[in-house]
S.K.: 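Okay, here's the structure, questions in a sec.
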Amino acid sequence: MNFDVIVIGAGAAGLMCAAAAGRRGRRVLVLDHNDQPGRKILISGGGRCNFTNLGVAPDRYLSGNPHFCTSALKRYRPTDFLDLLRQHRIPWHERSHGELFCDRSAEDIVTMLLAECAAAGVDLRYGLKAGAVSGDGPFTVATGAGGLTAASVVLATGGLSIPKIGASGFAHAVARRYDIPVVTPRPGLVPLTFAETDLALIRPLAGIAVEAIVSVGRARFREAVLLTHRGLSGPAVLQASSYWQQGESIAIDWLPDLDAAAYLLGRKTERPKAEVRTVLAEHLPARLAEALTVRAGCDGRPIGQTTHAALTALAAEVKNWSLTPTGTEGWRTAEVTVGGIDTAALSSKTMEVKAHPGLFVVGEAADVAGWLGGYNFHWAWASGWVAGQFA
Ligand code: FDA
């Protein structure tokens, strides 16, 4: 059978794009090297898929061109996706920060996308790996079952995170073959790792989670920070990790709602016999309070016998705990790829490669990475839907 459009990748963006193009009467083939579609959707959001966010806006995305995503996000909004859920009678709920999740299971989302593809007459083939892409309208995709040719090819193979469920650098390799620049990919939304000197402090605190502000450069995130045996994790750290560059330090404000210096100096008068760590533990988990007090050199003393200078130094430590990660946990646990196919090469209206009409890039393969909280799926839906109007 001949196809008008070949979509490579049966993930979030590919399935959305295929259904939209099929609805326009295009003959669409989707192929995926996995033996089932939407593997990342199925494991997302703890199995409930955080499928979009009510706060979707361009400033929630990282990209070499921060305005690139604006057009697609305007044309395909969270309410459009919710309309689709309504049509398929899929129940959902809102959690904190505008995050929307399935009530039942992420399977609902995959089933819905497959139903949309079926209604649009889309052909799907699994267990079929795309090899080289050649030609320039029409394009030929090499596969184990021979070459497949179509006027349009959509690169929807996502980013590099979680290779064990099928992530590949395929789209980036095709881009390079067509002389399309690729912004060097790096893991995002990923736990940060530290040198042994910092780990010696962090490790005994494993399991503690505290709402704090994590800053890196000008980015600041107020959410939970989780201390682990390997380093720092939790939403605030994952968010900051996408902005973090090798060699940069991060800062943590463990008590965002408190003027720590004023508080400690006030308690010095009110509770002079209490140990400094006990006072700090009025607002922080005891083990963390102890570690911060030890680090600032004022442990083991009643607060009444601790100098103003020492308490001010402790307050500075609490409000601005600065440390330099040595790296991240990498692609094994990253939720997203920061970087990817340079958006300067793409039309923001169509997702088509400007220099190669008929070649499209959607989803995480492009240099657009969202915050934690449903933003990445929303980018997949929006960019996939837009490309589906033109492919
Ligand atoms: P996606 O990765 O979904 O699909 C790419 C497809 O291409 C895959 O099916 C792959 O098998 C296929 N493929 C790759 N190479 C190929 C080749 N050579 N030939 C054929 N097929 C090939 N985001 C969010 O908004 N909310 C959330 O709750 C989560 N949760 C989450 C949890 C975890 C553990 C991870 C790793 C990620 C998330 N994300 C998320 C991020 C989200 O999953 C991700 O941004 C989207 O799935 C990206 O959609 P794409 O369609 O671009 O790629």
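Both counts, for ligands and for their atoms, begin at 1 and track the order of listing.
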S.K.: Would you mind checking which non-hydrogen protein atom is closest to atom 36 (C) of ligand 1, with the distance to 0.1 Å?
M.R.: I162 CG1, 3.3 Å
S.K.: Taking distance alone, with no angle check, do A12 and ligand 1 share an N/O pair under 3.5 Å?
M.R.: yes
S.K.: Using a 3.5 Å cut-off on N or O atoms only, is C49 in polar contact with ligand 1?
M.R.: no
S.K.: Answer yes or no for A167: is there a heavy-atom contact with ligand 1 below 4.0 Å?
M.R.: no
S.K.: Which atoms of ligand 1 sit under 4.0 Å from any heavy atom of G374?
M.R.: 24 (C), 25 (O), 26 (N)
S.K.: What protein heavy atom lies closest to atom 53 (O) of ligand 1? Include the residue and the distance to one decimal.
M.R.: G158 CA, 3.4 Å
S.K.: Which heavy atom of the protein is the closest neighbour of atom 4 (O) of ligand 1, given with residue, atom name and distance?
M.R.: G11 CA, 3.3 Å
S.K.: In terms of residue, atom name and distance, what is the protein heavy atom nearest to atom 30 (N) of ligand 1?
M.R.: S44 CB, 3.2 Å
S.K.: Which residue supplies the protein heavy atom nearest to atom 34 (C) of ligand 1, what is that atom called, and how far is it?
M.R.: I43 CD1, 3.6 Å
S.K.: Just wondering, are more than 12 heavy atoms of other shown residues or ligands nearer than 6.0 Å to NE2 in H67?
M.R.: no
S.K.: So if I count the atoms of ligand 1 from 1 in the order they appear, which ones are less than 4.0 Å from some heavy atom of A334?
M.R.: 36 (C)
S.K.: Is there any N or O on E364 that sits under 3.5 Å from an N or O of ligand 1?
M.R.: yes
S.K.: Looking at K129, I'd like to know if its NZ atom is crowded, meaning that more than 12 non-hydrogen atoms belonging to other residues, nucleotides or ligands lie closer than 6.0 Å.
M.R.: no
S.K.: Is there a donor-acceptor pair under 3.5 Å between the side chain of R77 and the backbone N or O of K74?
M.R.: yes
S.K.: Minimum heavy-atom separation for S233 and L238, please, with both atom names.
M.R.: OG-CD2, 4.0 Å
S.K.: Suppose we measure from atom 38 (C) of ligand 1 to each protein heavy atom; which comes out shortest, and what is that distance?
M.R.: E335 OE1, 3.8 Å
S.K.: Answer with side chain, backbone, both or neither: which part of Y375 has a heavy atom less than 4.0 angstrom from an atom of ligand 1?
M.R.: backbone
S.K.: State if G131 counts as touching ligand 1 under the rule of any non-hydrogen atom under 4.0 Å.
M.R.: no
S.K.: Any non-hydrogen atom of R39 lying under 4.0 Å from ligand 1?
M.R.: no
S.K.: By side-chain contact (heavy atoms from CB on, under 4.5 Å), which residues pair with A21, not counting sequence neighbours?
M.R.: R24, R26, V28
S.K.: Check step by step if ring-ring contact (aromatic ring centres under 6.0 Å, His included) holds for W381 and F51.
M.R.: CA-CA 9 Å; W381 316 136; F51 54 79; 8.1 Å; no
S.K.: Could you check H33 against Y126 for ring-ring contact (aromatic ring centres under 6.0 Å, His included), going step by step and ending with a plain yes or no?
M.R.: CA-CA 6 Å; H33 60 182; Y126 308 125; over 10 Å; no
S.K.: Please work out, at 4.0 Å between heavy atoms, whether the side chain, the backbone, both, or neither of P37 comes within that distance of ligand 1.
M.R.: neither
S.K.: Can you tell which of H33, K129, K40 gets a heavy atom nearest to atom 22 (C) of ligand 1?
M.R.: H33
S.K.: Looking at atom 15 (N) of ligand 1, what's its closest protein heavy atom, distance included?
M.R.: S168 OG, 2.7 Å
S.K.: Check this for me - ligand 1, A130, N or O atoms closer than 3.5 angstrom, yes or no?
M.R.: yes
S.K.: Select the closest option to atom 5 (C) of ligand 1 among G9, A171, A156, judged by heavy-atom distance.
M.R.: A156
S.K.: Before signing off on this row, confirm whether G45 and ligand 1 have an N or O atom pair separated by under 3.5 Å.
M.R.: yes
S.K.: Quick check: Y243 with F221 (ring centres under 6.0 Å apart)?
M.R.: yes
S.K.: Going by atom type alone, with no hydrogens or angles, which donor-acceptor pairs under 3.5 Å involve a side-chain atom of residues 199-208 and a protein atom two or more places apart or on another chain?
M.R.:
residue	atom	partner	partner atom	Å
R203	NH1	E196	OE2	3.2
R203	NH2	E196	OE1	3.1
R203	NH2	E196	OE2	3.4

S.K.: Parallel, tilted or perpendicular for H356 and Y178, by the 30°/60° rule?
M.R.: perpendicular
S.K.: Taking both backbone and side-chain atoms of N50, is any N or O found less than 3.5 Å from an N or O belonging to ligand 1?
M.R.: yes
S.K.: Rounded to the nearest 0.5 Å, how far does CG of L160 lie from CD of E364?
M.R.: 8.5 Å
S.K.: Counting only heavy atoms, which portion of T157 has something under 4.0 Å from ligand 1: side chain, backbone, both, or neither?
M.R.: both
S.K.: Which of parallel (below 30°), tilted (30 to 60°) and perpendicular (above 60°) describes Y61 and Y375?
M.R.: perpendicular
S.K.: What residue and heavy atom of the protein are closest to atom 51 (O) of ligand 1, and at what distance?
M.R.: A13 N, 2.8 Å
S.K.: Please confirm whether G363 comes within less than 3.5 Å of ligand 1 when only nitrogen or oxygen atoms on both sides are compared.
M.R.: no
S.K.: Given H378, which partner from the list N53, D80, T52 fulfils the side chain to side chain donor-acceptor pair (under 3.5 Å) test?
M.R.: T52
S.K.: Identify which of D35, D32, L160, V133 has a heavy atom lying nearest to atom 10 (C) of ligand 1.
M.R.: D32
S.K.: Step by step, would you call E99 with R48 a salt bridge (Lys or Arg N to Asp or Glu O under 4.0 Å)?
M.R.: CA-CA 11 Å; E99 299 168 351; R48 293 263 165 89; over 6 Å; no
S.K.: Identify which of F170, W381, F377 has a heavy atom lying nearest to atom 42 (C) of ligand 1.
M.R.: F377
S.K.: For the residue pair A130 and I8, what are the closest heavy atoms and their distance?
M.R.: CB-CG2, 3.4 Å
S.K.: For R220, is the CZ atom crowded, meaning more than 12 foreign heavy atoms sit under 6.0 Å from it?
M.R.: no
